[in-house]
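All remarks here apply to the structure that follows.
Note that the structure is a prediction, hence the values are computed from the model and not measured.
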Amino acid sequence: MKVSADTEVCIAAGMCALNAPEVFDQHEEEGTVVLLDPEPPAELADKVRRAVQMCPSGALKLQE
């Protein structure tokens with residue numbers, strides 16, 4: 001599983017960080033997505049999928 005995040009598309013909703021805080025965070029000042037782990041372990045797959053699905057701007061992409 002590989003995850004990518006486009007900070008230009010991100011609207012700082014924070015759904016990614018809420019759903020998978022092990023993989024996503026938010027920039028302290030701008031609130032945009034910060035990708036902590038572009039290749040998360042298998043045990044986080046459900047959380048990552050949920051975060052990608054919940055992203056309102058489509059800034060997150062998942063490759064399995």
So which atom in [X] and which in [Y] form the shortest heavy-atom distance, rounded to 0.1 Å?
| X | Y | answer |
| --- | --- | --- |
| Pro40 | Val48 | CG-CG2, 3.9 Å |
| Gly31 | Gln26 | O-NE2, 2.8 Å |
| Ile11 | Pro56 | CD1-CG, 3.9 Å |

Contact check, side chains of Cys55 and Val52, non-hydrogen atoms, under 4.5 Å: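 Heavy-atom side-chain distance check fails, nothing below 4.5 Å.
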Does some side-chain heavy atom of Leu62 sit less than 4.5 Å from a side-chain heavy atom of Met1?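 In short, these two side chains touch, coming nearer than 4.5 Å.
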Roughly how far, to the nearest 0.5 Å, is the NZ atom of Lys61 from the CG atom of Asp6?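 If we round to the nearest 0.5 Å, Asp6:CG and Lys61:NZ are 8.0 Å apart.
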Enclosure of Glu28 CD (heavy-atom neighbours >12, cutoff 6.0 Å):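 No - once you tally the heavy atoms of other residues, nucleotides and ligands closer than 6.0 Å, there are 12 at most.
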Is there a path of hydrophobic side-chain contacts, each under 4.5 Å between heavy atoms, that joins Leu44 and Leu36?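 No, no single cluster joins them.
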Could you check Leu60 against Cys16 for side chain to side chain contact (heavy atoms under 4.5 Å, CB included), going step by step and ending with a plain yes or no? CA-CA 9 Å; Leu60 306 177; Cys16 56; 3.7 Å; yes
Mind checking salt bridge (charged side-chain N to carboxylate O under 4.0 Å, His left out) for Glu64 and listing every partner two or more places apart, or none if nothing turns up?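 Salt bridge (charged side-chain N to carboxylate O under 4.0 Å, His left out) list for Glu64, sorted by chain: Arg49.
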For residues 18-25, which side-chain N or O atoms pair as donor and acceptor with protein atoms under 3.5 Å away, sequence neighbours left out?
{"unit_1": "Asn19", "atom_1": "ND2", "unit_2": "Met15", "atom_2": "O", "d": "2.8"}
{"unit_1": "Glu22", "atom_1": "OE2", "unit_2": "Lys47", "atom_2": "NZ", "d": "2.7"}

